[in-house]
Each structure stands twice: as structure tokens, then as C-alpha cells.
Amino acid sequence: MKLEKEFYTRTDTIKIAKELLGKKLVSNFGGNITSGIICETEAYCGTKDRGCHAYNGRFTDRTKIMYAVGGVVYVYLCYGVHYLFNVITHIEGEPHAVLIRAIAVQDGLQTILKRRNKTSPDAGLGAGPGLVSACLGFTTKHTGLSLSGNKVWIEDAERIPEKNIIKSARVGMTFEGKYKRIPWRFRIKGSQFTSPAK
DNA sequence: TAGGTGATCTTG
DNA sequence: AAGATCACCTAT
């Protein structure tokens, strides 16, 4: 079952970030269906969140998509090399998003291996936000795609119980203050597919 | 553990 | 218009 628009338009982004763990992220580009189980996420929560691209109301060509109503895709280029895939949440005008940081590869292994330039699979195939996009074929041109369409979507699955979710500080928070340490990074306990801990 | 890489943002 | 910054990966 594809998650409905109503899943994403809810206002509790932390809750959504946790609920996305264990669900299946699917892309269908050029007839190639590829997918993976989401093992790690991070929440970015609006203009008050120092770590969020839309902090302090920043509204630019890049970040404007964050202000859209939940249920669309936001991909941006990081360090000139890696595409990072986010799901927009919350209502229109509230720039919240969930970054997908790691997946356990499911369908379309041959296509994924080709995209990753590998000959055989391993646990690290989708373990990192840049690698998630490399596996599923995401680039900045996919920004704005609806998760209710037939190119990218997320399929429902059983909830990961709270006790099996590891919370920690988000990666790459170089500033000081409350939002540096806030535990908005979520991983499935014991998963070998998550990105390296910091 | 350092370097690569380029879009984006900030400063002058 | 130039320089700093950046939610990272890979191979030394």
C-alpha cells in the first residue's frame, strides 16, 4: 500500500520521521523499479530549527520547495558530489522535511548495482544519504515530484516499535545551541544498513 | 583522514 | 564577482 498524501501533511515531523523507518522507498525511472527499506532518517523542523535549510525563514530557489504542502520530494546537491533525498512534510508554509539517510536495498538490484558501479551487493550499498540517491537514481531534477505519483512513492509497512528506534543528534551540525544536540536522527536498532555513527 | 566537487549564499 | 560554506563518500 502506497502511503497517502495525508501521511505527509501531518504536522508532527518527528513522528513522521520515526514512522518512516521500516517502510519501503520506491523509484520508477525509465521502467526500472528500484527500492529499499528505510533504516535511518533525520527530521528538519521549520524556520526555528538552526539545522534546517529554511532556518530563519530562508526562502530561495533551492529551499522554496520546503514550504510546499507535505508529500513532495526535495533533492539537493551536497558538496558538489552527492544528491540528498528529502520528503517534505507539514502544511503549506511550514518548511519541514525528513532526510532519508540509509536504506536496505530490496528490488531492482541489477539496476542499483549498475548505478553504484558495483558488481556485488553488500550492507553498505545504501548506507548513507548520498548513497540512497545513488541507488535509487535521484537527482535535483526530481525536486517537486509528488509522492502520490508513479515515479517515487513510499509503501506502508508495520511500525517499528519505539524501543527499537535509536535516537541521536543529527550529523553535520556545526553551529552551537539547542538544535546541535537535539535527538532528531532515528535509526532502526541493530540494523547493519545504517550510515556510520558519529 | 583528507580531498574532491559544484551549487548556493554572503560579502564587499 | 569572488570566496566561504556545505545534512558526504571514497580510497589512501
Side-chain angles (χ1 to χ4, degrees), chain A residues 8 13-14 16-18 20-21 25 36 38-68 70 72-90 94-105 112-144 152 154 165-188 191-198:
Chain A
Y8 307 102
T13 301
I14 308 298
I16 295 173
K18 289 194 280 192
L20 282 175
L21 293 175
L25 175 61
I38 299 170
C39 296
E40 178 177 346
T41 60
E42 276 178 7
Y44 289 88
C45 299
T47 57
K48 299 283 197 318
D49 178 359
R50 185 67 180 74
C52 181
H53 283 168
Y55 171 66
N56 205 18
R58 245 160 87 208
F59 187 94
T60 65
D61 277 347
R62 181 175 67 143
T63 63
K64 65 186 178 194
I65 191 67
M66 294 192 74
Y67 294 81
V72 297
V73 168
Y74 169 37
V75 183
Y76 75 95
L77 184 63
C78 182
Y79 299 111
V81 189
H82 303 110
Y83 294 107
L84 270 57
F85 175 88
N86 300 255
V87 170
I88 300 302
T89 65
H90 214 298
E94 288 289 338
H96 288 223
V98 176
L99 169 67
I100 308 300
R101 292 190 52 89
I103 57 171
V105 166
I112 289 174
L113 287 175
K114 196 183 292 181
R115 284 174 181 156
R116 292 279 283 104
N117 208 12
K118 296 260 187 185
T119 52
S120 62
D122 58 68
L125 211 51
L131 299 181
V132 169
S133 295
C135 284
L136 300 188
F138 297 127
T139 70
T140 46
K141 70 173 187 242
H142 302 302
T143 287
V152 193
I154 298 174
I165 298 177
I166 300 175
K167 304 172 191 63
S168 60
R170 293 172 296 178
V171 173
M173 302 293 107
T174 51
F175 48 86
E176 287 306 318
K178 169 180 172 186
Y179 289 100
K180 179 186 175 74
R181 295 248 157 237
I182 201 163
W184 283 353
R185 180 189 190 194
F186 306 103
R187 283 173 288 168
I188 300 178
S191 173
Q192 57 188 316
F193 303 104
T194 56
S195 62
K198 258 203 173 168

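Each chain gets a letter, A, B and so on, in the order its sequence line appears, and its residues count up from 1.
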Q | Closest nucleotide among C:dC8, C:dT10, B:dC9 to the A:P129 side chain | A | C:dC8

Q) Choosing from B:dG6, B:dG4, C:dA7, which nucleotide comes nearest the side chain of A:H82? A) B:dG4

Q) Using centres under 5.5 Å plus planes under 30 degrees as the test, is A:Y44 stacked with C:dA7? A) yes

Q. Taking for each residue the nucleotide of DNA chain C with the nearest heavy atom, is it A:T174 or A:G130 whose nucleotide lies nearer the 5' end?
A. A:T174

**Q.** Distance, rounded to the nearest Å, where A:K118 contributes NZ and C:dA11 contributes C1'
**A.** 11 Å

Q) Can you check the A:L99 CG to C:dC8 P distance for me, whole Å? A) 8 Å

Q. Does the side chain of A:R62 get closer than 4.0 angstrom to OP1 or OP2 of B:dG6 through an N or O atom?
A. no

Q: Could you check whether A:D61 gets within reach of a base, just the sugar-phosphate, or nothing at all, counting any heavy atom under 4.0 Å?
A: nothing

Q: Verify the ring-centre separation between A:Y67 and A:F59: is it less than 6.0 angstrom?
A: yes

Q | Positions of residues 47-60 of chain A (non-hydrogen atom under 4.0 Å from DNA chain B), listed by number | A | A:R58, A:T60

Q.
Whole angstroms only, please: what is the CG-P distance between A:L77 and C:dT5?
A. 18 Å

Q. Going by atom types alone, do A:T60 and A:T63 pair a side-chain donor with an acceptor below 3.5 Å?
A. yes

(Q) Can you measure A:L131 atom CG to C:dA7 atom P for me and round it to whole angstrom units? (A) 17 Å

Q: Report the distance from atom OH of A:Y76 to atom C1' of C:dC6, rounded to the nearest whole Å.
A: 7 Å

Q. Within a radius of less than 6.0 Å around NZ of A:K114, do more than 12 heavy atoms belonging to other residues, nucleotides or ligands occur?
A. no

Q: Provide, to the nearest angstrom, the distance between the CZ atom belonging to A:F138 and the C1' atom belonging to C:dA7.
A: 17 Å

Q. Under a 4.0 Å N-O cut-off, is there an ion pair linking A:E42 with A:R170?
A. no

**Q.** Opposite nucleotide pairing with C:dA7, Watson-Crick or G-U, both atom distances under 3.5 Å
**A.** none

Q. Rounding to a whole Å, what distance do you find between A:N117:CG and C:dC9:P?
A. 16 Å

**Q.** Watson-Crick or G-U wobble mate for B:dT5, both contacts under 3.5 Å
**A.** none

Q: Establish, yes or no, whether a centroid distance under 6.0 Å links the rings of A:F85 and A:F138.
A: yes

Q | Between P of C:dC8 and CE of A:M173, the distance in whole Å | A | 8 Å

Q) Hey, is NZ on A:K180 packed in by over 12 heavy atoms from elsewhere, all under 6.0 Å? A) yes

Q: Determine whether the side chains of A:H53 and A:Y74 contain a donor N or O and an acceptor N or O closer than 3.5 Å.
A: yes

